[in-house]
Peer 1: 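For reference, the structure I am asking about is given below.
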Amino acid sequence: MLTDSFGRIHDYLRISLTDRCNFRCLYCLPEPEHDDSTDSMFNIYSNQTTTVAEKMTADEIDRIAGIFIEQGVRKIRLTGGEPLIRKDARDIIERLGKYNVELAITSNGMYVDKFIDTFNKVGLKSVNISLDSLNAESFHRLTGRDEFKTVYKNIELLLKSGYHVKVNMVVMNGYNDDEITDFIEWTKDTPVHIRFIEFMPFPGNHWRPEKLMTYKDILEIIAQKYPNLEKLEDAKHDTAKKHRVKGHKGTFAVISTMSEPFCSGCNRLRLTADGKMRNCLFAGNEMDLLTPFRSGEDIVPLIHGNLAGKYAMLGGNVETQWELHHTESHERTMMGIGG
Ligand code: SAM
Ligand code: SF4
């Protein structure tokens, strides 16, 4: 079992398939001045984008995931960057599909239609799609891509195919906070689960305290228009606080990483695209598993060693003045870590 020094059992691994993306979301990778069309791309975070040789191969992902599973991992989520832009994404999903674990994915939704058969084949359990606006123009402004229709259609495709779809919406004050209630209206007749995410600081994403909309802010806005809210029960390791407007088919939740961190129930581990283990999204250090794995070393003690160093909260960043220290405490962008 993967237990840390606070007795938290870790059975959930998030694997980043790539630190690259075909979108340019303002809050994730705001600088647009690079081309992602080839693997030789060189971007502003050049020290954080992997080359093909640095990246775990499909076979390495499969075997390293197998080791984590032997140690007690029961759920794997594929993420990135955008996991579905990897040329061998289908192969990776199929390989991981053979394990007796709950397999899930977080995607920007652009290529879902091209992968839906693979999702069906492996029995993917849950699909999280990022969608920060229900307005095509604003979607374009927020993501840098004019692809609202494609993503929206792909969400409809997933719903029609029977998937439990969670839609991730990062709420930024002054950018898309005016759309919060539009998302709630969507849940009226559609069994979609909206997750409003508090905007988190990462290098280069221009986070400012005044751009943050907290759980409380978001709930107040919703309650003004929909007073008949009911709080739903949260599962043990849930990072989201679930609610429903009475009578609506869908539900919503707020991920309150900034205002009310949920570290005490944390069961998550992360593996970056270049094979580094991180025991927290906000961890200031990471453990290289890929290099020793490639040279035939047993990585199990390294996995346990890294977990033993996990802090109680927020990777040890206990100060609440994020704006003062966040650039020092994070060495990687969200894309570099794997959100
Ligand atoms: N490309 C995929 C996607 O967009 O869903 C997967 C990777 S993305 C980094 C994972 C999630 O992190 C997305 O839902 C995205 O909205 C969220 N995210 C990225 N940067 C964030 C930030 N600064 N604060 C809060 N959430 C963020
Ligand atoms: Fe890409 Fe996802 Fe980051 Fe947007 S949030 S830039 S889609 S990795």
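As the structure lists them, so they are numbered: ligands from 1, and atoms in each ligand from 1. Excluded from the calculations below are hydrogen atoms, water molecules and symmetry mates; all remaining heavy atoms, backbone and side chain alike, are included.
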Peer 1: Which ligand 2 atoms, with their elements, are less than 4.0 angstrom from a heavy-atom of Cys21?
Peer 2: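 Matching atoms, with element in brackets: 1 (Fe), 6 (S), 7 (S), 8 (S).
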
Peer 1: Test your reading of the model: is there a side-chain donor-acceptor pair from Lys310 to the backbone of Asn279, 3.5 Å cut-off?
Peer 2: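 Checking the backbone N and O of Asn279 against the side chain of Lys310, a donor-acceptor pair under 3.5 Å is found.
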
Peer 1: So, Lys231 side chain and Lys242 main chain: donor-acceptor pair closer than 3.5 Å or not?
Peer 2: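 Side chain of Lys231 to backbone of Lys242, a donor-acceptor pair under 3.5 Å: yes, one is there.
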
Peer 1: Counting distance only, does the side-chain N/O of Trp207 pair as donor-acceptor with the main-chain N or O of Phe202 below 3.5 Å?
Peer 2: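 Absent.
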
Peer 1: Is Cys28 in polar range of ligand 1, meaning some N or O pair under 3.5 Å apart?
Peer 2: no

Peer 1: As an exercise, identify every atom of ligand 1 less than 4.0 angstrom from a heavy atom of Ile197.
Peer 2: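 Every atom of ligand 1 under 4.0 Å from some heavy atom of Ile197: 25 (C), 26 (N).
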
Peer 1: Checking a contact table here: which protein heavy atom is nearest atom 6 (C) of ligand 1, and how many Å away?
Peer 2: Gly81 O, 3.3 Å

Peer 1: Output yes when a side-chain donor or acceptor of His10 lies under 3.5 Å from a complementary backbone atom of Arg8, and no otherwise.
Peer 2: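 Indeed, once roles are kept as given, a pair shorter than 3.5 Å links the two residues.
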
Peer 1: With a 4.5 Å limit on heavy-atom distance, are the side chains of Asn168 and Leu131 in contact?
Peer 2: no

Peer 1: Decide whether the shortest distance between a heavy atom of Glu198 and an atom of ligand 1 is less than 4.0 Å.
Peer 2: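 Yes.
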
Peer 1: Give the atoms of ligand 1, by number and element, whose distance to some non-hydrogen atom of Asn205 is under 4.0 Å.
Peer 2: 23 (N)

Peer 1: Atoms of ligand 2 less than 4.0 Å from Gly81 heavy atoms?
Peer 2: 8 (S)

Peer 1: Mind checking the CG-NZ spacing from Leu17 to Lys87? Nearest 0.5 Å is all I need.
Peer 2: 14.0 Å

Peer 1: With Leu290 as reference, evaluate Lys55, Glu60, Glu54 under the side-chain contact (heavy atoms from CB on, under 4.5 Å) test and give the passing residue.
Peer 2: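 Among Lys55, Glu60, Glu54, the one that satisfies the side-chain contact (heavy atoms from CB on, under 4.5 Å) with Leu290 is Glu60.
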
Peer 1: Would you say Pro201 touches ligand 1, if touching means a heavy atom closer than 4.0 Å?
Peer 2: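 Per 4.0 Å heavy-atom rule, Pro201 does not contact ligand 1.
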
Peer 1: Under 3.5 Å, is there a donor-acceptor pair between the Ser133 and Ser138 side chains?
Peer 2: yes

Peer 1: Find all atoms of ligand 1 within a distance of less than 4.0 Å from any non-hydrogen atom belonging to Ser107, and give their numbers and elements.
Peer 2: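 Listed by number with element: 2 (C), 3 (C), 5 (O).
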
Peer 1: Polar-atom distance check: Asn128 versus ligand 1, any N or O pair below 3.5 Å?
Peer 2: no

Peer 1: Output the list of atoms in ligand 1 that are nearer than 4.0 Å to some heavy atom of Asn108, sorted by atom number.
Peer 2: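 That gives atoms 2 (C), 3 (C), 5 (O) of ligand 1.
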
Peer 1: How far is atom 6 (S) of ligand 2 from its nearest protein heavy atom, and which residue and atom name does that atom have?
Peer 2: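 Going atom by atom, the protein heavy atom closest to atom 6 (S) of ligand 2 ends up being Cys25 N, 3.3 Å.
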
Peer 1: Return the closest protein heavy atom for atom 3 (Fe) of ligand 2 as residue, atom name and distance.
Peer 2: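 Result for atom 3 (Fe) of ligand 2: Cys28 SG, 2.4 Å.
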
Peer 1: Any donor-acceptor pair under 3.5 Å linking the side chain of Asp88 with the backbone of Asp91?
Peer 2: no

Peer 1: Considering only heavy atoms, does Trp207 approach ligand 1 within less than 4.0 Å through its side chain, its backbone, both, or neither?
Peer 2: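 Neither; no heavy atom under 4.0 Å.
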
Peer 1: With atoms numbered from 1 as shown, which atoms in ligand 1 lie under 4.0 angstrom from a non-hydrogen atom of Asn168?
Peer 2: 14 (O)

Peer 1: Ring centres under 6.0 Å, that's the criterion: do Tyr152 and Trp186 meet it?
Peer 2: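 Distance test on ring centres: under 6.0 Å, yes.
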
Peer 1: Gly80 heavy atoms, cut-off 4.0 Å: which ligand 1 atoms fall inside?
Peer 2: 7 (C), 9 (C)

Peer 1: Would you confirm whether Asn205, through its side chain, and Tyr27, through its main-chain N or O, come within 3.5 Å as a donor-acceptor pair?
Peer 2: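 Yes, the answer is positive, given that a donor and an acceptor are paired below the 3.5 Å cut-off.
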
Peer 1: Run down the list Phe199, Phe202, Tyr27, Phe23 and name the one with the heavy atom closest to atom 21 (C) of ligand 1.
Peer 2: Tyr27

Peer 1: Do me a favour and list the nearest non-hydrogen protein atom to atom 12 (O) of ligand 1 with residue, atom name and distance?
Peer 2: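 Atom 12 (O) of ligand 1 sits closest to the protein heavy atom Met334 CE, 3.5 Å.
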
Peer 1: Quick check on contacts: which atoms of ligand 1 are under 4.0 angstrom from a heavy atom of Thr79?
Peer 2: 6 (C), 7 (C)

